[in-house]
Amino acid sequence: MLLLTPGPTPIPERVQKALLRPMRGHLDPEVLAVNRAIQARLGALFDPGEGALLAALAGSGSLGMEAGLANLDRGPVLVPVNGAFSQRVAKMAALYGLEPTVLEFSPEEAVDPEAVEKELRRRRYRMVALVHGETSTGVLNPAEAVGALAKEAGALFFLDAVTTLGMLPFSMRRMGVDYAFTGSQKCLSAPPGLAPIALSREGRRAFTGRRGWYLDLARVAEHWEGGGYHHTTPVLLHYALLEALDLALEEGIEARERRARETHAWLLEELLARGFRPYPKGSFLPTVLVVRPPEGVEADRLVKALYREGVAVAGGIGPTQGRVLRLGLMGEEARKEPYRVFLQALDRVLALA
């Protein structure tokens, strides 16, 4: 099966081999040394500044999202929403009593910084929570502009970097981010099951909510910074994540961004020639291509037909459910070779439609 979904992504051979390492205890000195090496690599990718907490939570990217809300000392939180995952942020914030204000935008368009600025002038917020790249819609949001507005308003800045970290230029310091997270199975092309996070020094002072035990980042820090016991970590996933981080840094983020953008542009042109239409109205997310099928072709049926041809892609979720195809261009997927196979299968399917 050719895996071209917007997560999980195919695993490189070096990362796959890391999963075959002999099992060790989660407090073994070798494993703790691997954790320190992971923190060093995450520091290079997140660029969170001095005094930040760097860790890989044992769970999916949604655990990273939830931890960034469960630990906030108080609300209210401003959530610009233009897709399924920004909606998830708002729902989680409500569950934790953080008084979220949802600022609605079209799912086909990027968040408008002017509207964010207007809302920040209307009310004082403890934190602004933004999804950098909306996986459900293929829209890239203006993180740096929103981060600057949050800082100007005296608010913390939370950023979902699930489809951007490790593939696009990223700097928490430059963007004014206090908390960011991703999922191991996205741009890093590691197995699912870890949520790398970074919490700035300022964020650490504010993240004292301690709603829950497993999500308590102060307890997480005891393990990742002091080697103490918190829970049994997925050791082999740590080995695999370290290998994936090394691969990303060896290639370089500029080269990975160029690979994603070039593949995105080429693939979109190929799909337009076949009658597909882009879903977003500009501000394309280079790592997730979202397109409407040709007239008369049902998106979900097309996804199932491609699967029968041995190609796994994703249909829509949230506002795009039943309306689009979503194609991953993260990590190992951002190459023309697998998408040439996809296009051959697509042509066979469309000929029968």
Side-chain angles (χ1 to χ4, degrees), residues 7-68 70-71 161-162 165-166 172 179-201 203-204 207-208 210-251 331-332:
T9 56
I11 300 173
E13 185 178 358
R14 270 174 57 181
V15 177
Q16 193 79 56
K17 285 181 176 179
L19 293 169
L20 301 176
R21 296 278 297 270
M23 177 58 72
R24 288 182 178 267
H26 54 291
L27 298 180
D28 185 289
E30 179 181 300
V31 175
L32 296 179
V34 167
N35 290 353
R36 290 192 294 273
I38 288 172
Q39 287 179 300
R41 275 67 165 180
L42 290 179
L45 288 180
F46 280 110
D47 188 27
E50 294 294 324
L53 169 62
L54 293 154
L57 305 182
S60 71
S62 292
L63 182 69
M65 178 185 289
E66 188 160 359
N71 286 272
V162 164
L165 186 85
M172 288 175 63
Y179 180 78
F181 66 94
T182 189
S184 53
Q185 80 280 14
K186 296 284 190 169
C187 294
L188 298 174
S189 286
L194 292 173
I197 66 159
L199 178 63
S200 72
R201 176 180 287 171
R204 294 181 80 157
F207 274 42
T208 57
R210 311 193 79 162
R211 301 176 186 87
W213 187 91
Y214 192 75
L215 288 171
D216 183 351
L217 291 181
R219 294 181 186 275
V220 169
E222 290 174 5
H223 175 69
W224 278 88
E225 296 180 336
Y229 173 65
H230 178 242
H231 65 280
T232 302
T233 58
V235 171
L236 296 182
L237 293 184
H238 287 212
Y239 284 123
L241 176 61
L242 179 58
E243 199 67 43
L245 289 166
D246 281 340
L247 279 171
L249 292 170
E250 286 167 17
E251 183 180 4
E332 289 302 292

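Given the structure is predicted, the values throughout are model-derived calculations rather than measurements.
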So, the side chain of [X] versus the backbone of [Y]: is there a donor-acceptor pair under 3.5 Å, distance only?
X: His223; Y: Tyr229; result: no
X: Arg211; Y: Ala70; result: yes
X: Gln39; Y: Trp224; result: yes
X: Thr9; Y: Lys186; result: yes

Using the test salt bridge (charged side-chain N to carboxylate O under 4.0 Å, His left out), find all partners of Glu250 that sit at least two apart in sequence or belong to another chain.
Arg14
Under 4.5 Å between any side-chain heavy atoms of [X] and [Y], yes or no?
X: Ser184; Y: Leu237; result: no
X: Val220; Y: Glu222; result: no
X: Ile197; Y: Leu217; result: yes
X: Leu63; Y: Leu215; result: yes

If I take atom [atom1] from residue [X] and atom [atom2] from residue [Y], how far apart are they, to the nearest 0.5 angstrom?
X: Glu332; Y: Leu247; atom1: CD; atom2: CG; answer: 7.5 Å
X: Met65; Y: Thr182; atom1: CE; atom2: OG1; answer: 11.0 Å
X: Ser62; Y: Phe181; atom1: OG; atom2: CZ; answer: 7.5 Å
X: Tyr214; Y: Arg219; atom1: OH; atom2: CZ; answer: 13.5 Å
X: Leu241; Y: Leu236; atom1: CG; atom2: CG; answer: 12.5 Å
X: Leu165; Y: Leu188; atom1: CG; atom2: CG; answer: 6.0 Å

Can you name the nearest heavy-atom pair linking [X] to [Y], along with the distance?
X: Gly331; Y: Ser189; value: CA-OG, 3.4 Å
X: Ala198; Y: Met172; value: CB-SD, 3.5 Å
X: Val162; Y: Cys187; value: O-SG, 4.2 Å
X: His26; Y: Leu32; value: O-CD2, 3.9 Å
X: Leu194; Y: Pro234; value: CD2-CG, 3.7 Å
X: Ala190; Y: Val15; value: CA-CG1, 4.2 Å

Could I get the full list of side-chain hydrogen bond (donor to acceptor under 3.5 Å, both in side chains) partners for Arg21, not counting sequence neighbours?
Glu30
